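Here is the structure we will look at, set down as structure tokens.
The model shown is predicted, which means the values in this text are computed figures rather than measured ones.
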Amino acid sequence: FRSKFKIIMKKKLLVYHLYLVILSCILFSSCNTQGVTFKSVQVQAPFPMEPIKECIFPERDFSIVDYGAVEGGKQKNTEAIAKAIDACNKAGGGRVVIPAGEWLTGSIHFKSNVNLHLAENAIVRFTDDPADYLPAVMTSWEGMECYNYSPLLYAFECENIAITGKGLLKPHMGLWKVWFKRPPAHMEALKELYTMASTDVPVEQRQMAKGENNLRPHLIQFNRCKNVLLDGFHIEESPFWTIHMYLVDGGIARNLNVKAMGHNNDGIDLEMTRNFLIEDCVFEQGDDAVVIKSGRNQDAWRLNTPTENIVVRNCLVLAGQTLLGVGSEISGGVRNIYMHDCETPNNVHRLFFIKTNHRRGAFVENVYMEKIKTGATLRVMEIDMNVLYQWRTLVPTYEERITRIENIHMIDIDCKSAKMIYDLKGDHKLPVKDIELRNIHVGVLVDSLKHVENVENIVAENITFDEQNADALKELDRFLKNK
């Protein structure tokens with residue numbers, strides 16, 4: 001009996017140990033496959049604003065060195081970075097780490113649940129060889145969808161992605177600067193793309209990465225993505241638009257230091273994007289600093305996705321054509337935009353500029369700018385419904401649609417000098433409506449207080465200046481021409 005009892009107890013003990021081993025494996029596996037979680041970020045705005053999801057990535061690191069990357073800035077590490085991203089994605093998410101040092105690469109393509117982490121003193125140098133950005137990917141050019149050279153950092157239909165860390169993105173710019181020019185072959189390519197977009201040619205047939213089209217790629221484009229985080233890194237130079245959030249649902253850009261002074265070098269463009277926070281960033285741009293867009297003409301009417309629920313706060317703009325630009329690609333509509341507590345200590349061409357034309361249609365509504373300090377500017381606020389740039393004579397108007405603009409607010413602005421405080425040029429077919437301007441102070445007014453045409457219901461209160469001095473125009477023009 002005792003012998004049988006011992007055998008039974010041994011079997012039970014063995015089963016118990018086996019149970020503990022299985023349970024430990026399950027628990028370890030569960031911990032090891034933990035996915036991305038979220039922190040809810042509450043954002044105050046003068047319109048209903050959903051909490052924004054901030055991605056919290058699993059504590060798993062995938063160093064690009066472990067996948068064959070070589071530091072030094074000479075060997076291309078495109079394949080090694082892609083392998084690290086793939087491994088991170090398959091593991092359920094984590095950080096792909098680029099360590100300190102200089103790393104040369106072609107395009108970087110994201111997958112879901114990946115945080116590309118740039119360690120302190122890491123410098124990512126992108127080549128300027130167009131072949132490194134092929135095959136062409138689905139992207140856009142100034143509001144028109146097409147297949148073009150891959151953006152240098154590109155995500156398509158991804159969720160829970162990030163670029164973080166204190167490192168630097170610094171592309172080689174030799175060839176891209178040559179492409180800044182717009183020779184006849186490039187202009188013909190733009191005409192071709194505009195015609196295809198205007199006549200509903202399928203996007204996959206709009207192949208633009210060929211010949212001498214020279215359509216430069218974006219530095220960063222996240223396309224049709226959800227839950228984006230951009231935090232802490234630096235940028236020096238860009239081939240085209242610098243940061244482009246395109247059809248993105250939910251995101252945060254914070255603590256960025258962006259410097260790109262070349263042609264079309266906007267700081268950050270939000271296009272057909274919603275529920276996005278930009279905060280505590282520094283911009284030094286050759287074009288506009290913060291830009292709100294929503295696609296061009298037929299393409300945007302097809303996609304029918306407004307840019308909405310955007311907050312920009314506590315940002316510093318050291319250089320730029322415009323602090324806050326809306327348009328001119330706004331055919332999907334723009335609403336619920338709030339910028340506050342930002343500063344441009346030097347000078348910008350325009351502090352707040354809404355621009356559109358008779359081809360765009362859609363609407364711009366519920367835009368608020370508050371508590372802004374700036375140096376010199378040509379216009380504190382400008383609305384212009386006849387902005388066409390080179391497109392005026394380059395291509396015909398396929399369909400006329402007038403943009404509805406209403407409920408625009410500018411409050412508590414302190415400006416050192418301005419040529420004009422507000423310049424509002426509506427369209428007689430659909431006048432601008434409901435403009436509020438309050439507590440705007442300019443030190444030196446160079447030209448005139450205002451110019452208004454085709455605008456209904458303006459409330460302008462406490463608009464003041466210390467002196468009117470036409471001689472200051474020379475200094476203002478000198479700066480803006482040399483900018």
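- Looking only at distances, a side-chain donor or acceptor of T377 sits under 3.5 Å from a matching main-chain atom of R379.
- A ring-centre distance under 6.0 Å is not found for Y154 and Y133.
- Between E343 and K373, none of the side-chain N atoms (NZ, or NE/NH1/NH2) sits under 4.0 Å from a carboxylate O, so this pair counts as no salt bridge.
- Under 4.0 Å is where a charged nitrogen must lie from a carboxylate oxygen, and between E237 and K177 at least one such pair does.
- Residues F240 and W179 keep their aromatic ring centres 6.0 Å or farther apart.
- Inspection of the N160 and N113 side chains reveals an N or O donor paired with an N or O acceptor under 3.5 Å.
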field: Stepwise salt bridge (charged side-chain N to carboxylate O under 4.0 Å, His left out) check, K425 with E382
entry: CA-CA 8 Å; K425 300 179 285 291; E382 182 169 357; 2.9 Å; yes
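- Surrounding CD of E204 are more than 12 heavy atoms belonging to other residues, nucleotides or ligands, all under 6.0 Å away.
- A salt bridge between E456 and K433 is absent, with no side-chain N of the basic residue lying under 4.0 Å from a carboxylate O of the acidic one.
- The shortest distance between side-chain heavy atoms of N89 and S112 falls below 4.5 Å.
- Only one option out of F110, Y246, F156, F276 pairs with F222 in a ring pair (Phe, Tyr, Trp, His ring centres under 6.0 Å); it is F110.
- For the 3.5 Å distance criterion, the side chains of R125 and N77 fail to qualify, holding no donor opposite an acceptor.
- Figure legend: cation-pi geometry between R401 and W301, with NZ or CZ positioned under 6.0 Å from the six-membered ring centre and within 45° of its axis.
- Under the 3.5 Å distance criterion, the side-chain polar atoms of N227 are left unmatched by any main-chain donor or acceptor of G250.
- A heavy-atom distance below 4.5 Å is not found between the side chains of T139 and H244.
- A 4.5 Å side-chain heavy-atom check between R274 and E50 finds at least one atom pair inside the cut-off.
- Between the side chain of T78 and the backbone N or O of K76 there is no donor-acceptor pair closer than 3.5 Å.
- Tested against M381, the residues D423, I421, I413, I435 include a single side-chain contact (heavy atoms from CB on, under 4.5 Å) partner, I435.
- Atom NZ of K39 and atom CD1 of I56 lie 5.5 Å apart (nearest 0.5 Å).
- Between the CD1 atom in I81 and the OG1 atom in T105 there is a gap of 4.0 Å [rounded to 0.5 Å].
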query: Between L215 and L193, is a side-chain contact (heavy atoms from CB on, under 4.5 Å) present by the stated rule, with each step listed?
result: CA-CA 11 Å; L215 269 63; L193 177 57; 4.3 Å; yes
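- Between D86 and K83, no side-chain nitrogen of the basic residue sits less than 4.0 Å from a carboxylate oxygen of the acidic one, so the salt-bridge criterion is not met.
- More than 12 heavy-atom neighbours from other residues, nucleotides or ligands sit within 6.0 angstrom of CD on Q205.
- Residues I383 and V364 form no side-chain contact, since every pair of their non-hydrogen atoms from C-beta on lies 4.5 Å or further apart.
- Checking side-chain atoms of N265 against main-chain N and O of D287 turns up no donor-acceptor pair under 3.5 Å.
- Between R350 and D384 there is no salt bridge, since no side-chain N of the basic residue sits under 4.0 Å from a carboxylate O of the acidic one.
- Residues L256 and D231 approach most closely at CD2-N, 3.9 Å, considering heavy atoms.
- For the pair T403 (side chain) and A362 (backbone), a donor-acceptor distance under 3.5 Å is absent.
- Crowding of K450 atom NZ: a count of heavy atoms from other residues, nucleotides or ligands under 6.0 Å not exceeding 12.
- A distance of 11.5 Å separates NE2 in H186 from CZ in F180, rounded to the nearest 0.5 Å.
- With respect to the salt-bridge test (charged N to carboxylate O, under 4.0 angstrom), the residues K293 and E271 do not qualify.
- Going from atom OH of Y149 over to atom CG of D129 covers 9.5 Å, rounded to the nearest 0.5 Å.
- Judged by distance alone, the side chain of N213 and the main-chain N or O of A189 form no donor-acceptor pair under 3.5 Å.
- Residues I458 and L424 are in side-chain contact: their nearest non-hydrogen atoms beyond the backbone lie under 4.5 Å apart.
- Remark: side-chain polar atoms of S294 are paired, donor with acceptor, to backbone N or O of G333 under 3.5 angstrom.
- Without hydrogens or angle criteria, T322 side chain to D288 main chain gives no donor-acceptor distance under 3.5 Å.
- To the nearest 0.5 angstrom, N275 atom CG is 6.0 Å from I52 atom CD1.
- Looking at heavy atoms from C-beta onward, R296 lies in side-chain contact with Y194 at the 4.5 angstrom threshold.
- Tested against H409 for a side-chain contact (heavy atoms from CB on, under 4.5 Å), the candidates M369, E436, R438 yield a single pass: E436.
- Between E157 and R224 there is no salt bridge, since no side-chain nitrogen of the basic residue lies less than 4.0 Å from a carboxylate oxygen of the acidic one.
- Between the side chains of T164 and H117, at least one donor-acceptor pair of N or O atoms lies under 3.5 Å.
- At a threshold of 4.5 Å between non-hydrogen side-chain atoms, the residues W141 and R216 count as touching.
- Atoms CE and CZ, from M385 and R360 in turn, are 12.0 Å apart once rounded to the nearest 0.5 Å.
- Counting only heavy atoms from C-beta outward, the side chains of H340 and Y368 never approach each other to under 4.5 Å.
- A salt bridge is absent between R206 and E145: the closest approach of a Lys/Arg side-chain nitrogen to an acidic carboxylate oxygen does not fall below 4.0 angstrom.
- Summarising the local packing, CD of E453 is surrounded by more than 12 heavy atoms from other residues, nucleotides or ligands at distances under 6.0 Å.
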